[in-house]
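What follows is one structure encoded as structure tokens, with my remarks underneath.
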Amino acid sequence: MCADSRRAGILLHGGAGRYSIDERRRRILENAIKEAAIAGFSILENGAVEAVVESVRVMEDSGVFNAGLGSALTLNGYVEMDAGVMNGRDLSIGAVANLRGIKNPILVAKKVMEETDHILLAGEGAYKFARMMGFEDSTDKLITEDKKRKHRELVDKWLKGEIYKRFSKLKRFYNQNVDEAVGTVGAVALDYEGNLAAAVSTGGIHIKLEGRVGDSPLPGAGFYANKYAAAVATGIGEYIARLLLSKYACDLVERGKTAREAAVEAIKYITSVFGKNTAGIIVVDYKGRIGADFNTGGMLRAYLGEGLAKPLITIYRENIF
Ligand code: GLY
């Protein structure tokens with residue numbers, strides 16, 4: 001435990017969803033998030049921003065989440081990714097939306113924060129900026145045969161009318177079921193100086209329209225950090241964005257709630273407006289207290305903080321955090 005009874009640490013999620021997975025898949029996911037938690041925590045002395053970005057980068061590279069190399073395909077078979085990072089110390093932000101061809105959107109988002117006067121770059125402009133910053137084109141790694149097969153299966157189900165039931169106006173285009181959207185990744189951290197940060201990355205909803213932007217690159221919606229708290233949301237972006245869920249959770253901490261209370265209240269809020277199977281959220285507050293909640297079957301999460309020898313990992317409603 002460090003000064004002022006603060007506990008530095010990092011909390012990660014690997015997406016909210018049904019998680020009716022077998023033991024093998026569970027082990028793969030848990031190992032991937034464990035590696036990401038250790039990677040972020042090991043550089044927490046460099047600051048909360050560095051730690052959350054590193055954890056998210058490792059999850060993007062794992063290929064097992066819907067982010068980076070694991071990103072879902074759009075309706076017409078492309079990969080368009082969203083990511084964002086926020087520094088709670090000075091409210092600086094970097095984000096990218098509809099980014100194609102670059103395997104680590106979170107690193108591009110960090111460059112937007114550090115190297116530009118803007119907070120969010122999208123589409124072709126984001127790609128050009130990434131290339132200018134020295135990122136390689138990884139389109140071949142992002143669109144694989146395995147992903148194309150899964151994509152074809154989803155399109156088949158769509159054509160048979162077996163999926164896409166939630167959105168009335170968009171049902172021709174969206175997979176409405178958060179079970180299929182599982183795998184957005186995020187991290188929140190409190191560092192040894194008491195600074196907070198949030199980072200998020202996603203391939204978005206499977207079979208989304210090209211150009212669709214979810215909650216993830218939108219400050220306040222998919223991520224937020226200030227001097228009170230840092231929060232990252234996961235689930236159906238169209239709902240999360242309408243409620244600015246991450247800012248909502250940080251505001252609750254500012255008004256005196258703990259991270260846990262803020263997470264529970266945020267999920268209660270979105271459930272009351274849009275129903276179940278819509279979202280999950282992770283929160284860390286200025287004391288390093290952590291909170292996570294979700295209205296889906298599960299949400300993969302990992303925590304590593306001062307005093308712990310290894311990450312705590314959970315998916316379902318086990319009473320860990
Ligand atoms: N929450 C991820 C998305 O909707 O794109």
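Just follow the structure's listing: the first ligand is 1, and inside any ligand the first atom is 1. Any value given below was found using the heavy atoms of this structure, including those in side chains, with hydrogens, waters and symmetry copies removed. On a predicted model such as this, the values are computed, not experimentally measured, just so you know.
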In ligand 1, which numbered atoms sit nearer than 4.0 Å to a non-hydrogen atom of [X]?
| X | answer |
| --- | --- |
| G235 | 1 (N), 2 (C), 3 (C), 4 (O) |
| G237 | 3 (C), 4 (O) |
| S216 | 1 (N), 2 (C) |
| G204 | 5 (O) |

Grouping I, L, V, M, F, W and Y whenever their side-chain heavy atoms are under 4.5 Å apart, do M81 and V185 come out in a common cluster? no
Atom 2 (C) of ligand 1: the protein heavy-atom neighbour that sits closest, reported with distance to 0.1 Å: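 For atom 2 (C) of ligand 1, the nearest protein heavy atom is D215 OD1, 3.3 Å.
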If you define the side chain from C-beta out and look only at heavy atoms, does anything of F294 sit under 4.5 Å from H13? no
With the side chain counted from C-beta on, respond yes when D251 and Y248 share a heavy-atom pair under 4.5 Å apart, and no when they do not. no
Heavy-atom distances under 4.0 Å decide this one: backbone, side chain, both or neither, for R212 against ligand 1?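 The answer is the side chain.
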According to the interplanar angle, ranging from 0 to 90°, do the rings of Y19 and Y316 count as parallel (below 30°), tilted (30 to 60°) or perpendicular (above 60°)?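 Aromatic pair Y19/Y316 classed perpendicular.
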Do R289 and F321 meet the cation-pi criteria used here (NZ or CZ under 6.0 Å from the six-membered ring centre, within 45° of the axis)? no
